[in-house]
Amino acid sequence: MKDLTTVLAMVKKERQRQDDMWGYPQNHHPMEWLSILAEEFGEFAQAINQALFGGDGDLTHALEEAIEVAAVAVAIVQHLSGEGK
């Protein structure tokens, strides 16, 4: 298991990638944020299912998707707390 500092650095790197791709700030309505988060969570679930039931148990892709879920959650916190405005 990676330490918290390393994990948060991974999430921060993904936040930057998202900002580079979509621009900053992303001032979505809360329902839009919910939809984005749900889509990312669905991809995480799909990666877990693929690794456990359709693959070799390699969770590398699931980790990538989990980082994306965390980064979107951070973006939501930034937006709702006024950081993204």
Side-chain angles (χ1 to χ4, degrees):
M1 180 166 51
K2 296 183 187 283
D3 65 88
L4 182 59
T5 301
T6 302
V7 170
L8 292 176
M10 294 164 70
V11 173
K12 183 177 180 181
K13 182 178 177 182
E14 174 59 20
R15 277 291 299 117
Q16 183 61 54
R17 188 189 75 79
Q18 291 172 359
D19 285 346
D20 291 345
M21 186 182 330
W22 303 112
Y24 181 85
Q26 299 174 43
N27 291 321
H28 299 297
H29 183 277
M31 291 303 292
E32 291 173 300
W33 280 120
L34 179 60
S35 178
I36 293 165
L37 184 61
E39 187 265 341
E40 292 297 346
F41 178 76
E43 289 179 354
F44 172 62
Q46 184 178 31
I48 292 284
N49 287 336
Q50 180 62 36
L52 298 181
F53 303 117
D56 60 5
D58 182 6
L59 294 171
T60 303
H61 184 63
L63 172 61
E64 294 167 1
E65 295 297 341
I67 292 167
E68 291 179 14
V69 169
V72 169
V74 168
I76 293 168
V77 171
Q78 287 180 288
H79 174 74
L80 295 179
S81 67
E83 289 283 326
K85 292 183 179 179

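If you read the sequence from its start, that first residue is 1, and numbering goes on from there.
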Task: hydrophobic_cluster_shared for Ile76 and Val69, side chain cutoff 4.5 Å - done: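 Same cluster: Val69 reaches Ile76 through Ile, Leu, Val, Met, Phe, Trp or Tyr contacts under 4.5 Å.
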Open item on the list: Is there a path of hydrophobic side-chain contacts, each under 4.5 Å between heavy atoms of I/L/V/M/F/W/Y residues, joining Leu4 to Ile67?
Closed with: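 Each belongs to a different hydrophobic cluster.
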Task: Where Val74 and Val11 come nearest, the two heavy atoms and their spacing - done: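 So the two residues come closest at CG2-CG1, 4.0 Å.
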Show every donor-acceptor pair shorter than 3.5 Å between a side-chain atom in residues 30-47 and any protein atom, with sequence neighbours excluded, or say none if there are none.
| unit_1 | atom_1 | unit_2 | atom_2 | d |
| --- | --- | --- | --- | --- |
| Glu32 | OE1 | His29 | N | 2.7 |
| Trp33 | NE1 | His28 | O | 3.4 |

TODO: If you link ILVMFWY side chains whenever their heavy atoms are less than 4.5 Å apart, which other residues fall into the same cluster as Val7? By chain and number, please.
DONE: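 None, because no other hydrophobic side chain comes under 4.5 Å of this residue.
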Task: Sequence neighbours excluded - side-chain hydrogen bond (donor to acceptor under 3.5 Å, both in side chains) pairs with any residue from residues 58-77 - done: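 As it turns out, the side-chain hydrogen bond (donor to acceptor under 3.5 Å, both in side chains) pairs with a partner in residues 58-77, which skip direct neighbours, are Asp58-Thr60, His61-Glu64, His61-Glu65.
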TODO: Kindly state each residue pair satisfying salt bridge (charged side-chain N to carboxylate O under 4.0 Å, His left out) with at least one member in residues 1-15, sequence neighbours excluded.
DONE: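 Listed once each, the pairs are Glu14-Arg17, Arg15-Asp19.
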